[in-house]
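Nothing here was measured: the structure is a model prediction, and the numbers come from that model. One-based numbering along the sequence shown. Any value given below was found using the heavy atoms of this structure, including those in side chains, with hydrogens, waters and symmetry copies removed.
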Amino acid sequence: MIKREHTPLEKLYSHLEEESPGKRIRKARLDKNLYLYELAELAGLTPEEISHIERGFVKIPKPKTVKKLAKVLSKPIWYLGCYDKLPEKTIGQKLKKARLYHAHTLSDAAKYLGVNERSIRNWEKDARKPLPDNLKKLEKYFGVLK
């Protein structure tokens, strides 16, 4: 990897607020002094994918994409995905936030918790409440939020 001094791009974007995944990812990339194509190569993504996220065309990047970027950029998954801004007033909101903190898909969360995807989806929508034995599993899963 080529090490460079601060680029004009870094100065150009240094004033941006960190309010969206795209802005946070761009800032982290510039802090690491990486060009878009370099980040794409290191993360196993295409430059177009990253560009679309950074420019806000993709409002909510896929958890697996955020996970790859977090590893390369040395930033927490929750930070790059802006998951810290998600509400957590209901069990469904807490579940979705915890799932995203873990960078889990619905399928990943279902396997981890030993339930089916439909249950996860219904709980996240607050359409159904988990049974008491599943609530115990969820408390452990929510531990990441504390």
* Do Leu113 and Asn134 have side chains that get closer than 4.5 Å, going by heavy atoms? -> no

* Structure fact -> Interatomic distance, SG@Cys82 vs CD@Glu19, rounded to 0.5 Å, equals 8.5 Å

* Asked: Between the side chains of Ser119 and Asn122, is a donor N or O closer than 3.5 angstrom to an acceptor N or O?
  -> no

* Spacing of Glu88 atom CD and Leu95 atom CG [to the nearest 0.5 Å] -> 12.0 Å

* Structure fact -> The residue among Lys94, Arg99, Arg118 that forms salt bridge (Lys or Arg N to Asp or Glu O under 4.0 Å) with Glu124 is Arg99

* **Distance, nearest 0.5 Å, that separates NZ of Lys125 from NZ of Lys96** => 10.0 Å

* Asked: According to the interplanar angle, ranging from 0 to 90°, do the rings of Tyr141 and Tyr112 count as parallel (below 30°), tilted (30 to 60°) or perpendicular (above 60°)?
  -> tilted

* **Aromatic centroids of His102 and Tyr83 separated by under 6.0 Å** => no

* Structure fact -> One should read off an interatomic distance between Ile60 CD1 and Ser20 OG, to the nearest 0.5 angstrom, of 11.5 Å

* Asked: Atom CG of Asp84 and atom CG of Leu100: how far apart are they, to the nearest 0.5 Å?
  -> 11.5 Å

* Give a yes or no on whether a salt bridge exists between Lys27 and Asp31, defined as a side-chain N under 4.0 angstrom from a carboxylate O. => yes

* If we only count heavy atoms from C-beta on, is the Arg24 to Tyr79 side-chain gap below 4.5 Å? -> yes

* Side chains of Leu106 and Arg121: does their closest heavy-atom pair fall under 4.5 Å? -> yes

* Taking the side chain from Arg29 and the backbone from Leu34, do they hold a donor-acceptor pair closer than 3.5 Å? -> yes

* Asked: Looking at side-chain heavy atoms only, is the closest gap between Ile53 and Val66 below 4.5 Å?
  -> no

* Minimum heavy-atom distance Gly81-Pro21, with the two atoms named -> O-CG, 3.6 Å

* Under 3.5 Å: donor-acceptor pair, side chain of Lys97, backbone of Leu86 -> yes

* Asked: Hey, is NZ on Lys64 packed in by over 12 heavy atoms from elsewhere, all under 6.0 Å?
  -> no

* Asked: Roughly how far, to the nearest 0.5 Å, is CD of Glu49 from CG of Leu69?
  -> 9.0 Å

* side chain to side chain contact (heavy atoms under 4.5 Å, CB included) evaluation trace for Ile91 with Lys129 -> CA-CA 8 Å; Ile91 289 176; Lys129 295 198 182 279; 5.5 Å; no

